[in-house]
Structure formats: structure tokens, C-alpha cells
**Student:** 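Structure in C-alpha cells, see below.
Order of appearance sets the numbers: ligands from 1, and atoms from 1 within every ligand.
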Amino acid sequence: MEKRANFGSKLGIILASAGSAVGLGNVWRFPTEVGENGGAAFILIYILCVILLGVPLMVSEFVIGRHTHKNTADAYQQLAPHTPWVFQGYLGVFTSWFILCYYSVVAGWTLKYLFSAIVGKVGTIEDSAAYFTAFTSSPWLPIVCMVAVMLMCHWVIARGVQAGIEKYSKLMMPLLLLIIAVLVVCSFSMPGSEEGLRFLFKPDFSKLDSSVVLSAMGQAFFSLSIAMGCLCTYASYFRDDAKLVKTAGSVAVIDTTVAIMSGFIIFPAVFSVAEVAPDAGPGLVFITLPNVFQIAFGHVPFIGWLFAVMFYLLLLLAALTSMMSIHEPTTAFLLEHFHLHRRTATWMVTLSCIFIGVLCSLSFGPLADVKFLFGMTFFDFFDFVSAKIFLPVGGIIISLFVGWKLDRQLVYDEVTNHGTVGFRAFPVYRFILRWLAPIAISLIFLNELGIL
Ligand code: PFF
């Protein structure tokens, strides 16, 4: 039998997993959520969610993947053969494929904006809201951009685990972290930036209610790439000496740091430009920021240009490393389950996602009136079903599976590398998986469906 691929180094493991976690969710969604949900108060709740729920669930996915060294669907089949738990393995694979279909559309937008920034266009856009709408609703250009980013992702995945995912994560993640550091400095040095920091970090506890807590939990799961088959698949390439708890901790620290740094970049910049409203919601990155760049461009052209280019490059890198991790679960499944060649499996995933991605992309323009189930456009439907249904359902099943179904000793052996690595919080970890996580996630789920 052909030897299964592995990540070659511990750094590779951490950077690839962090690459999955750090994505559009950090740079675009997190600052928006913080701004809308009470600043520092939200950040506090978010960090608690990451520590109490995110890290234990991430460790659990690592346990499943590393123990079996199999793709996500076959991993559940090995651990609980011919039981309903196997459903979760297939759900994980399906969810990742499903997410890739629409995530690639937004990733394509970042490519377009990077290109516009490079040619100096972002600094001269008159009406950025109209520019954004004209672009996303045009039939061809967003599709071309989506296909281009899918092909970049395809190119990496087709190369395999070490020569593809690991190599490019080791290249892209340090570059991404460097860009963030430079942008934080740039943003802080803009006059009036303190106001933005105050807005971002002023703890407004009056805004805290159950829906804010639930938003923080949802954001933590999405941001850490939990319950989508990605972490489990990556962990199946971990070597036996990789320390699972430490890796999950490092990924959570990198992911949260990048999210908070993105807030440091965006809000001081936005506030330094008085004419721009801070709470532009989801349009922050594609509508509000181009205004900021335009004004910065007017004051100091080169710095404004550089700021814009680096910012959209950051977004593209973040999106690409996440896309790689969303592509791999289905590719690994097709490759191993049906004994296909990696190239064939990669093309099957890429082409099928492009096909659905075209429909998602067109739902901002020519297909805007075509409503799918529940009166949603294709894009909204894919976003809603994956983030609001598959993600919480997967989270509940994974915590129950590792907490109740898997043998306690098996889980202990995995998280401690057969007793060679200390993990004194093991009973707490198990308690979280058995009780806290399933109950807390069920609450988010019911609340999001409007049942609670
Ligand atoms: N965690 C990524 C982000 O914050 O953008 C998004 C993501 C990656 C979602 C991988 C799902 C996934 F499977």
C-alpha cells in the first residue's frame, strides 16, 4: 500500500492549521462583530468561548484525525463502524465542500480589490458602495476572479500535503503575519487613531445579552474552522509525536491575535478619517475601507497606495490558506475512499465547486431574483446552511462522540501521546465535551433558528 502523506515538521503543522483558522473571518468579520456588539465586552466573551469551547473541540477533532490517520469520513467509520456516528464523518466532508462553493466567491472579490489597489484604482474610487455593487453584480468579472482563486488553491492542493499545503502555508503565513504587523503600525500612526481604539476597546457591558454571547460563540467556531472536517483531515497528517493540546493552543492564540490585530488595523484607520462612518457592518472591508484608502491616498499618495495593496494582499493570503484547508477534506476523501489519483480527486473538487460557485456569484447579479429554498439566493442559502446549521450540528456531534462514545483511554492516550505529555486538565476537558459544549452549542443552534 502507498505510504500515507504526513506533515514534515511541527512548524508546518502549526502554520497549516493556523492558516485554516486565520481567514476572512478574522480580518473582516471579527472587527465588525466587535464594533457592533459592545467592543471589549465582546472580546472578553469571545476569548472565553475560544478557551472553553473552541480549544477543546479543536483537540477533539485532532484526536479523531491523528488516531485514525484517515480522511474524515473513513475516520468515523474506523472508530465507530456501522453506527450512526459515521454520518458525522460524511457531514464534515460535505460541509467543507459546501463552504468552499461560496467562500471562493468572496475570496475572488479580494483578488479583484488587490488588483484594483495595485493599479491605484482603490485610491480613486468616487463612490465605493456603487463600485462594490457594480462589481459584484456584473456577470463575468466576479466569476473570473472566483475561478482564478480556485485555480490557485487547486495548484497547491494538487501538489499534496508536504509539497503543497505545508510548503505554501510556511510561505504564506509568515508573510501574512508580517503584513499585519506593518499595517498595525501604519494604522496607529494615522492622526486621530486613538478614537478608533477607544471605539474598539471601550467595554460596553450594556450591550451584553444572550444574543451577543451567541454571536461570540458562533464567531469563535467559524474562526477556528471547527466542525468542518478541516482540522480532522489536517490532524490525520500529524505525526505521532505532535502534541495535540499544545498545537490547538498555539492555533487559538495565533487566530485570536490576528483577529484582534485586524481590529487594530481597521478601526484606527477608519476613525482617523472623520468623514467615514465606523459601523458600516459587513461592507466595512469592501466599502468603508476603500474610502479610507482614498482619503489617505489624497494626503500621502504612496503610503495610501501601499496600505491598500498590503491590506488586500493580507485578505487574499488569509482567504487562500483557509480555502486550502476547505479543499483538502473532500479531496482526501475521494482520493482514499475511491482510490483515485490525487490529481483526479483535486480536479473533481475544484470543478464542482466552480460550478456551484458560479451560481453563488451570479446571485449578486443576474440571479439575484432567483430564490432558492426559504426565499434565499444561492449565496445566502449556502452561507446559512453551512454556518448556521451544519456547523453547530457538527459541533454537537463531535463533542458527544469524543466525550461519550470514544473510549476514555483512547482519548487520553491521544492527547497525552501515550502518557508522555502531561495534561492535568483532562477531567475538565472531558466534562466540557460531555456537558458544557453540547448544551452551549445546542443553545446557539436553537437561538439562531429562532426557536429559543
Ligand atoms: N476559519 C476561517 C476564517 O476565519 O475565515 C474560515 C473557514 C476555514 C471556515 C475553514 C471553514 C473552514 F472549514
**Student:** I need the atoms of ligand 1 closer than 4.0 Å to a non-hydrogen atom of Tyr103, numbered in the order shown.
**Tutor:**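 So the answer, numbered in order with elements, is 2 (C), 3 (C), 5 (O), 6 (C).
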**Student:** How far is atom 13 (F) of ligand 1 from the closest protein heavy atom, and which atom is that?
**Tutor:**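 Scanning the protein heavy atoms, the shortest distance from atom 13 (F) of ligand 1 goes to Cys230 SG, 2.7 Å.
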**Student:** What protein heavy atom sits nearest atom 11 (C) of ligand 1, and how far off is it?
**Tutor:**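 The closest heavy atom on the protein side is Met228 SD, 3.1 Å.
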**Student:** Backbone or side chain, does any N or O of Gly25 fall under 3.5 Å from an N or O of ligand 1?
**Tutor:**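 Yes, Gly25 has an N/O under 3.5 Å of an N/O on ligand 1.
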**Student:** What's the shortest distance from atom 8 (C) of ligand 1 to any protein heavy atom, and which residue and atom give it?
**Tutor:**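 Checked against all protein heavy atoms, atom 8 (C) of ligand 1 sits closest to Ser225 OG, 3.3 Å.
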**Student:** Test ring pair (Phe, Tyr, Trp, His ring centres under 6.0 Å) on Phe62 and Tyr234; report intermediate values, then the result.
**Tutor:** CA-CA 8 Å; Phe62 284 172; Tyr234 272 12; 9.3 Å; no
**Student:** Where does Ser325 meet ligand 1, judged by heavy-atom distances below 4.0 Å: at the side chain, the backbone, both, or neither?
**Tutor:**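 It is the side chain that gets close, since no backbone atom is under 4.0 Å.
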**Student:** Could you say whether the N/O atoms of Leu224 and ligand 1 ever approach to under 3.5 Å?
**Tutor:**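 No - when backbone and side-chain N and O of Leu224 are compared with those of ligand 1, no distance drops under 3.5 Å.
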**Student:** Have a look at Phe382 and tell me which of Phe94, Tyr103, Phe98 forms a ring pair (Phe, Tyr, Trp, His ring centres under 6.0 Å) with it.
**Tutor:**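 That would be Phe98.
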**Student:** Answer with side chain, backbone, both or neither: which part of Phe222 has a heavy atom less than 4.0 angstrom from an atom of ligand 1?
**Tutor:**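 For Phe222, backbone and side-chain atoms both sit under 4.0 Å from ligand 1.
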**Student:** Begin with the C-alpha distance, continue with both residues' side-chain angles, and end with the deciding distance and a verdict on salt bridge (charged side-chain N to carboxylate O under 4.0 Å, His left out) for Glu328 and Arg342.
**Tutor:** CA-CA 10 Å; Glu328 182 62 18; Arg342 176 168 272 275; 2.9 Å; yes
**Student:** Which of these, Phe132, Phe364, Phe311, Tyr131, sits in a ring pair (Phe, Tyr, Trp, His ring centres under 6.0 Å) with Phe286?
**Tutor:**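 For Phe286, the ring pair (Phe, Tyr, Trp, His ring centres under 6.0 Å) test succeeds with only one of Phe132, Phe364, Phe311, Tyr131, which is Phe132.
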**Student:** Just do the ring pair (Phe, Tyr, Trp, His ring centres under 6.0 Å) check on Trp435 and Trp404 with the steps written out, would you?
**Tutor:** CA-CA 10 Å; Trp435 299 105; Trp404 293 96; 5.4 Å; yes
**Student:** Is it possible for you to check whether Arg159 lies under 6.0 Å from the centre of the six-membered ring of Trp155, through NZ or CZ, and within 45° of that ring's axis?
**Tutor:**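 Ring-cation test returns yes.
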**Student:** Which of the numbered atoms in ligand 1 are below 4.0 angstrom from a heavy atom of Ser322?
**Tutor:**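 So the atoms of ligand 1 that pass are 2 (C), 8 (C).
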**Student:** Nearest protein heavy atom to atom 4 (O) of ligand 1, by residue and atom, and its distance?
**Tutor:**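 For this ligand atom, the closest protein heavy atom is Ala21 O, 3.1 Å.
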**Student:** With sequence neighbours excluded, what pairs up with Trp97 under the side chain to side chain donor-acceptor pair (under 3.5 Å) test?
**Tutor:**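 For Trp97 the side chain to side chain donor-acceptor pair (under 3.5 Å) partners, ignoring immediate neighbours, are Ser352.
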**Student:** Does any N/O atom on Ser20 come nearer than 3.5 Å to any N/O atom on ligand 1?
**Tutor:**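 Yes, at least one N or O pair falls under 3.5 Å.
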**Student:** When you measure from the centre of the six-membered ring of Phe222, is the NZ or CZ of Arg29 under 6.0 Å away and within 45° of the axis?
**Tutor:**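 Yes, Arg29 sits over the ring of Phe222.
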**Student:** Using a strict cut-off of 4.0 Å, indicate which atoms of ligand 1 neighbour a heavy atom of Asn26.
**Tutor:**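 Result: 4 (O).
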